[in-house]
Amino acid sequence: MPVARPVELLSPARDLTCGMEAVRHGADAVYIGAPRFSARAAAGNTIDDIRRLCDFAHPFNVRIYVALNTILNDDELTEAERMIHRLYDAGADALIVQDMGITRLDLPPLPLHASTQTDNTTAEKVRFLHEAGFTRVILARELTLEETADIRRQTSVELEAFVHGALCTGYSGRCYLSAALSGRSANRGECAQLCRLPYTLTDADGLTVVDGRHLLSLRDLNRSDELEAMMQAGISSFKIEGRLKDVRYVKNITAFYRKKLDILFARNHTFYRASAGTSSYTFEPQAEKSFNRGFTSYYLHGRIPDVTSFETPKSIGEPLGKVTAIKDNYFTLATEKTVHNGDGFIFRNSRGVWEGVRANRVEGNRIFLTNRPALRLHTMVYRNFDKAFEDLLSKPSAERRLAVSMVLRDAYFGLTLSVTDETGAGVVVVRAFEKMPARIHPLENIRAQLSKLGNTPFSAEAIAVETDGEWFIPSSLLTEMRREAVDGLLRVKRIRYRRMPPARGNPAVPYPVRHTDHTANVCNAEAMAFYRGHGVETVAPACDVPPYGAPLMYARHCVRYSMGWCPLHHNRRSPHREPFYLVHGRMRLRLQFDCVACMMRVYAE
């Protein structure tokens, strides 16, 4: 029999509110941006907020990981070191980092997770990071199941993988497009998302191949049907992207994956959830109702044609149905779903351009608008804003409770109340009490008073009364004992909570290569010393603008493949003369296709 292992659902938190809702809606762990030096510069949080989140999460054994995953300059290292100690004191469970210079600072005993921005695509790299002191490695999104399983076979470190959310076109940590062309560095948390712009594709002769489409924009990741296969391949943590997403997104997507995973765990006991407590919801989670550009499993099973979102970078939402009639101020939709006043819709208008509208009024399948819609019969309509669903998520929408068992017993001098939660934490409350027989059966009142746990993290799963007689016990005494037990149990849980220890790195383990270029993103002396100490002979410094002739982006997404002209997969060649260029205003990018590496490189022209 294989040894059962925990599997973690890891949710994003833009702020304290998002983090607490992620916990309520079923997350086993939450990742949140540090006050500074986070790869989402707009998602920094205060130390006090992170402390409050840790205090809220830890009773459920939910872990809090703090993202400090930008590259740092020399003059930022001291501040980063001080901040890491404050994060440890606040209760953080691990630090997500990209900059290897951080490993050489005077750190508290805080585990380090290697960010996906460290370009974790091979077993050699993952094994090195483990031996160098990382307890977890976050894999590149581009890896297939087979590549993931191969890394698992050759390594023993915890593996984390993205399972849902927006996709970067370029390999994380190896995209310099934003920095070079807008001055906003993705490796410093300020990506301008130039991959979401519309581009015109031209050939070497200047002829237009495709006009004004979002040729670098990808669909959103959704691997909810691949969870068991990913667990079997070695993934221990499923990561939801979204540290800039709002709280309604976090609620829905966290709950969606929680329910999916719990169904799998009930069927396959090789795996179990990594935290405690059970969440209940006021809504039915549906991934397609939150922001999405259409879904893809990306390259989990190799190259597939549905990874792109060329038509629009906006949210598509859920498919509703086709237009069956058009009048001056409304259209009729053939759909089995209920639509509501205030719903938002998107469709390709009569010019073939994606257009969004909001329903002023709905009567059955008739959707009334202010103006005549630019629709055609049989047009497919999608709903990207379900007002009724969003209204549910705008209110308290989940509770998470730890099951407790209570036993009220006789003692020589009075009564004892034992309370034990599902994790094994327990407390006993003792009260002196003069016992007198009750005139009516007291069991119903005893259970009613002890079960009042509404404003606590607990719910009474079982209440037993094991007394020698049926005593009259005042409700006020039962209330006092219950409250003292809850307070004591929370104190016990704080004492029992244990953070995972950091790994002990080998400072002499050799790096997989002897020479690194600018893509190692070495921006400070400590990072330089890290690579030197691990046997790298030449270390090129980081740069926002790569050296002349170097790519601005390395991507597994391939425009030529998307056009159906891949000589390997389609056995076809382009009818146009290469190289191809992407043009947006004054921006002109040259594309190069490396079929051996199955990679597209993007250059400034």
Side-chain angles (χ1 to χ4, degrees), residues 12 14-15 31-45 67-77 79-80 83 96-99 101-102 115-119 140-141 162 165-199 214-218 220 241-246 291 293 309 313-314 517-524 527 540-555 557 582-591 600-605:
R14 181 176 66 183
D15 51 28
Y31 66 106
I32 188 168
R36 288 198 63 197
F37 313 126
S38 161
R40 295 291 183 268
N45 294 274
L68 200 159
N69 52 341
T70 60
I71 55 176
L72 305 177
N73 297 319
D74 284 297
D75 60 0
E76 295 172 325
L77 291 174
E79 180 184 352
M83 185 175 67
I96 305 169
V97 302
Q98 173 188 11
D99 195 317
I102 290 175
S115 169
T116 189
Q117 289 170 279
T118 56
D119 191 36
R141 295 169 173 90
F162 283 90
L167 285 165
C168 291
T169 307
Y171 281 86
S172 295
R174 301 185 70 194
C175 179
Y176 306 91
L177 197 66
S178 175
L181 301 179
S182 75
R184 295 170 55 183
S185 172
N187 282 312
R188 297 279 291 172
E190 300 172 338
C191 180
Q193 298 192 358
L194 300 183
C195 52
R196 301 296 182 189
L197 295 175
Y199 290 94
H214 302 268
L215 297 172
L216 294 179
S217 182
L218 302 181
D220 284 5
E241 181 277 336
R243 274 193 297 124
L244 293 180
K245 294 293 200 303
D246 65 25
F291 184 101
R293 302 172 179 91
S309 177
K314 299 177 182 178
D517 61 14
H518 66 283
T519 62
N521 295 323
V522 175
C523 204
N524 57 71
C543 50
D544 285 342
V545 180
Y548 177 77
L552 297 184
M553 178 192 285
Y554 302 79
H557 162 54
L582 296 178
V583 181
H584 176 86
R586 298 173 63 184
M587 190 188 310
R588 192 164 185 257
L589 306 172
R590 176 169 54 86
L591 305 182
M600 180 179 76
R601 297 184 178 90
V602 181
Y603 296 81
E605 186 70 15

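Keep in mind the model is a prediction, meaning the values are calculated, not measured.
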Test your reading of the model: is there a side-chain donor-acceptor pair from [X] to the backbone of [Y], 3.5 Å cut-off?
{"X": "N45", "Y": "G33", "result": "yes"}
{"X": "S178", "Y": "R184", "result": "yes"}
{"X": "D99", "Y": "A527", "result": "no"}
{"X": "N73", "Y": "E76", "result": "no"}
{"X": "R243", "Y": "P12", "result": "no"}
{"X": "H557", "Y": "C168", "result": "no"}
{"X": "H214", "Y": "R196", "result": "yes"}
{"X": "R590", "Y": "L582", "result": "no"}

Separation of [Y] [atom2] from [X] [atom1] (nearest 0.5 Å):
{"X": "Y176", "Y": "Y554", "atom1": "OH", "atom2": "OH", "value": "6.5 Å"}
{"X": "R36", "Y": "M83", "atom1": "CZ", "atom2": "CE", "value": "8.0 Å"}
{"X": "Y603", "Y": "L552", "atom1": "OH", "atom2": "CG", "value": "9.5 Å"}
{"X": "R588", "Y": "L181", "atom1": "CZ", "atom2": "CG", "value": "13.5 Å"}
{"X": "S185", "Y": "L177", "atom1": "OG", "atom2": "CG", "value": "11.5 Å"}
{"X": "I102", "Y": "I71", "atom1": "CD1", "atom2": "CD1", "value": "11.0 Å"}

Given side chains that start at C-beta, do those of [X] and [Y] come closer than 4.5 Å, heavy atoms only?
{"X": "M600", "Y": "L216", "value": "yes"}
{"X": "F291", "Y": "D220", "value": "yes"}
{"X": "R14", "Y": "D246", "value": "yes"}
{"X": "L194", "Y": "M587", "value": "yes"}

Original post:
Do we see a donor-acceptor contact under 3.5 Å between the side chains of T70 and R188?
Top reply: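 The answer is no; no qualifying pair exists.
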Subject >> Donor-acceptor pair between D517 and T519 side chains, under 3.5 angstrom >> reply: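 Yes, because at least one side-chain N or O of D517 sits under 3.5 Å from a partner of the opposite role on T519.
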Please find the pair of heavy atoms, one from [X] and one from [Y], that lie closest to each other, and give the distance.
{"X": "R601", "Y": "P551", "result": "CD-CG, 3.7 Å"}
{"X": "Y199", "Y": "L215", "result": "O-CD1, 3.9 Å"}
{"X": "G170", "Y": "M553", "result": "CA-CG, 3.7 Å"}
{"X": "V522", "Y": "A540", "result": "CB-O, 4.1 Å"}

**OP:** Quick one: list whatever passes side-chain hydrogen bond (donor to acceptor under 3.5 Å, both in side chains) with E241, sequence neighbours left out.
**Re:**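 Once residues adjacent in sequence are excluded, the partners of E241 under the side-chain hydrogen bond (donor to acceptor under 3.5 Å, both in side chains) criterion are K245.
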**OP:** Go through the structure and list residues passing side-chain hydrogen bond (donor to acceptor under 3.5 Å, both in side chains) with T169, not counting sequence neighbours.
**Re:**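 In terms of side-chain hydrogen bond (donor to acceptor under 3.5 Å, both in side chains), with neighbours along the sequence ignored, T169 is linked to no residue.
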Subject >> Of T116, T118, N187, N69, the residue whose pairing with Q98 passes side chain to side chain donor-acceptor pair (under 3.5 Å) >> reply: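 The single option meeting the side chain to side chain donor-acceptor pair (under 3.5 Å) with Q98 is N187.
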